[in-house]
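Read through the structure below, which is laid out as structure tokens, and then see the notes.
For ligands, and for the atoms within them, numbers begin at 1 and follow the listed sequence.
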Amino acid sequence: MKDIMTAPFVEEMKKTTANMYRLGWDERNGGNISYMLEEDEVKEYLDLDKVIRTISTGFDATDLIGKIFIVTGTGKYFKNVESDPETNLGIIRIAKDGTTAELLWGYKDGGKFTSELPAHLMSHMARLKVDPENRVVMHSHPTHTLAMNYVHELDEKKFTHTLWEMCTECIVVFPDGVGVLPWMLCGTNEIGEATAKKMEYFRLVVWGMHGIYGAGKTMDETFGLIETVEKAAEIFMLTAHLPRINTIKDEEMVELAEFFGVNYRKDFLNI
Ligand code: 13P
Ligand code: ZN
């Protein structure tokens, strides 16, 4: 059996959480990540017959029975993952009943998965229906995205359009746009269900006055989606109080989308 501390997926979780912390997106225990792993890669590092303990999830994830995820722990700080992955992360498998998580590794101090597991697993289920290669769901509190929530209408067409105007490559990176939810109580099945509903159409979902969710095939893709929104939101916040002299026009966005061959939300443009 190989040493799990050398596993590429643990390494990716360490690197990503450290990056997000240093970018200031994930203060204290803010943010969480779930990453679906292949059974074949996990069994090189863990005895899959050895369940440390079982933890009830409180919702039905029948579509994910037998699937294995590495997930950040609830109340755990992204800043500490790098130095102590075994306490701050856990590897869980969805049990045959669809509502129990079998702990295979981690949460060493008796902890458990993020309180946002409903939003994560429900989003995995929704994205896998659209894209069978989806593997990652990421939640974060990026500063400028959050700031923008207080001064911009929380309307997904208007919000996406403003972001697309802020960086030339935005429409190419997230042509499907950004879904937006109003402020809702976090950590609940209700916000999980609402997020998953948006994930049927979007890989990015803003939680009003809270943060953002991203979903993708890889850690890089998912991180890159949130990073691009955050960059656009930063440009918006740096310029929102100044007279706007120039902008990227809708016709130019069409030119970009067509040149890069992306399928964009035409109804989010004003032409
Ligand atoms: P957890 O510590 O449970 O992951 O919660 C952090 C968070 O961002 C809640 O939305
Ligand atoms: Zn949060």
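Nearest approach of S123 to V137, heavy atoms of both residues: CB-CG2, 4.1 Å.
Residue, atom and distance of the protein heavy atom nearest to atom 6 (C) of ligand 1 are N29 O, 3.2 Å. Shortest contact from atom 4 (O) of ligand 1 to any protein heavy atom: T114 OG1, 2.7 Å. Atom 7 (C) of ligand 1 has its closest protein heavy atom at N32 ND2, 3.5 Å. With respect to atom 8 (O) of ligand 1, the closest heavy atom belonging to the protein is G31 N, 3.0 Å. Nearest protein neighbour of atom 9 (C) of ligand 1, counting heavy atoms only, is E116 OE2, 3.1 Å.
When each atom of ligand 1 is checked for a heavy atom of G75 under 4.0 Å away, the hits are 1 (P), 2 (O), 3 (O). Ligand 1 places these atoms under 4.0 Å from at least one heavy atom of H139: 8 (O), 10 (O). Within the listing of ligand 1, atoms 1 (P), 3 (O), 5 (O) sit less than 4.0 angstrom from a heavy atom of S115. Here is the list of ligand 1 atoms found below 4.0 Å of a heavy atom in T74: 1 (P), 2 (O), 3 (O). Each of the atoms 10 (O) of ligand 1 lies under 4.0 Å from some heavy atom of H210. Proximity to H141 (heavy-atom distance under 4.0 Å) selects the following atoms of ligand 1: 8 (O).
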Derivation and outcome, ring-ring contact (aromatic ring centres under 6.0 Å, His included), residues F9 and Y45
CA-CA 11 Å; F9 46 85; Y45 302 93; 5.6 Å; yes
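To the nearest 0.5 Å, atom CE of residue M148 and atom CD1 of residue I212 are 10.0 Å apart. Note that the CG atom of N88 and the OG1 atom of T74 stand 11.5 Å from one another [nearest 0.5 Å].
Taking the Zn ion (ligand 2) as reference, H139 places its N/O/S atom NE2 nearest. Sorting the N, O or S atoms of H141 by how far they are from the Zn ion (ligand 2) puts NE2 first.
Between G30 and ligand 1, no pair of N/O atoms sits closer than 3.5 Å.
A donor-acceptor pair shorter than 3.5 Å cannot be found between the side chains of D63 and H124. Under the 3.5 Å distance criterion, with hydrogens and angles disregarded, a donor-acceptor pair is assigned to the side chains of W207 and T195. Looking at T62 and D60, their side chains do bring a donor and an acceptor atom within 3.5 Å of each other.
With salt bridges taken as basic N to acidic carboxylate O contacts below 4.0 Å, none links R265 and E156.
A donor-acceptor contact shorter than 3.5 Å links the side chain of T17 to the backbone of K14.
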